Amino acid sequence: MATQRTLSIIKPDAVAKNAIGEIISRFEKADLQVVAAKMLKLDDDKAGGFYAEHKERPFFKDLVGFMTSGPVVVQVLEGEDAIAKNRELMGATNPKEAAPGTIRADFAETIDANAVHGSDSPESAEREIAYFFGADEICPR
Ligand code: RTP
Ligand code: MG
């Protein structure tokens with residue numbers, strides 16, 4: 001498996017819990033490198049555009065409301081099989097179904113406020129990274 005990049009977001013609930021460092025530490029311990037990072041307060045347009053694939057879903061309004069409720073930390077993670085590796089570290093969308101030891105099991109309580117986002121495919125990763133970062137903001141080692 002080749003080196004990949006994926007987009008990670010530490011969501012408002014995890015930022016509010018002061019868990020930024022603990023979550024990034026899990027990525028680093030799994031050999032994912034942070035090659036770009038910034039803290040942002042999303043507005044409705046930016047959050048809605050990011051989750052455009054879910055626009056028609058019943059939870060879309062709540063999702064945008066939650067993602068704009070406080071600051072988030074967006075990062076580009078780079079490493080071997082980064083997309084699947086990050087999804088494994090995150091655990092299932094619903095924290096109640098997330099495997100023990102995953103980020104969502106340890107830091108989240110509800111499906112709405114579930115601590116982290118991670119790209120789900122190479123195509124999503126490419127779109128999502130470009131959605132938040134210019135090429136000059138990504139710093140591979
Ligand atoms: P994410 O995109 O945030 O990484 O989460 P995911 O891939 O695990 O889940 P996805 O299906 O893409 O859903 C995006 C976010 O929408 C909320 N959601 N709520 N109430 C529901 O049935 C429901 N389903 C999804 C979650 O907060 C999920 O993270
Ligand atoms: Mg998703």
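All values derive from a computational prediction rather than experimental measurement. Indexing begins at 1, ligand by ligand and atom by atom, following the structure's order. The residues of the chain are indexed from 1 along the displayed sequence.
For the pairing with Phe107, the side-chain contact (heavy atoms from CB on, under 4.5 Å) check across Met90, Lys11, Arg26 returns one residue only, Arg26.
With respect to atom 5 (O) of ligand 1, the closest heavy atom belonging to the protein is Arg104 NH2, 3.3 Å. Closest protein heavy atom to atom 8 (O) of ligand 1: Thr93 OG1, 2.5 Å. The closest protein non-hydrogen atom to atom 3 (O) of ligand 1 is Tyr51 OH, 2.6 Å. Counting protein heavy atoms only, atom 29 (O) of ligand 1 is closest to Asn114 ND2, 2.8 Å. The protein non-hydrogen atom at the shortest distance from atom 24 (N) of ligand 1 is Phe59 CE2, 3.4 Å. Closest protein heavy atom to atom 27 (O) of ligand 1: Ile111 O, 2.7 Å. Ranking protein heavy atoms by distance to atom 7 (O) of ligand 1, first place goes to Arg87 NH1, 2.9 Å. With hydrogens left out, the protein atom closest to atom 13 (O) of ligand 1 is His54 NE2, 3.4 Å, a heavy atom.
Between Phe66 and ligand 1 there is no heavy-atom distance shorter than 4.0 Å. Note on ligand 1: Glu128 sits outside its first shell, no heavy atom being nearer than 4.0 Å.
When all heavy atoms of Arg87 and Gly118 are compared, the closest pair comes out as NH1-O, 2.9 Å. Scanning both residues, Asp13 and Ala115, for their nearest heavy atoms gives OD2-N, 3.0 Å.
One option in Met67, His117, Arg57, Glu53 has a heavy atom closer to atom 4 (O) of ligand 1 than any other, and that option is His117.
The cationic atom of Lys46 (NZ for Lys, CZ for Arg) lies less than 6.0 Å from the six-membered ring centre of Tyr131 and within 45° of the ring axis.
Rounding to the nearest 0.5 angstrom, the gap separating the OG1 atom in Thr3 from the CG atom in Asp81 is 10.0 Å.
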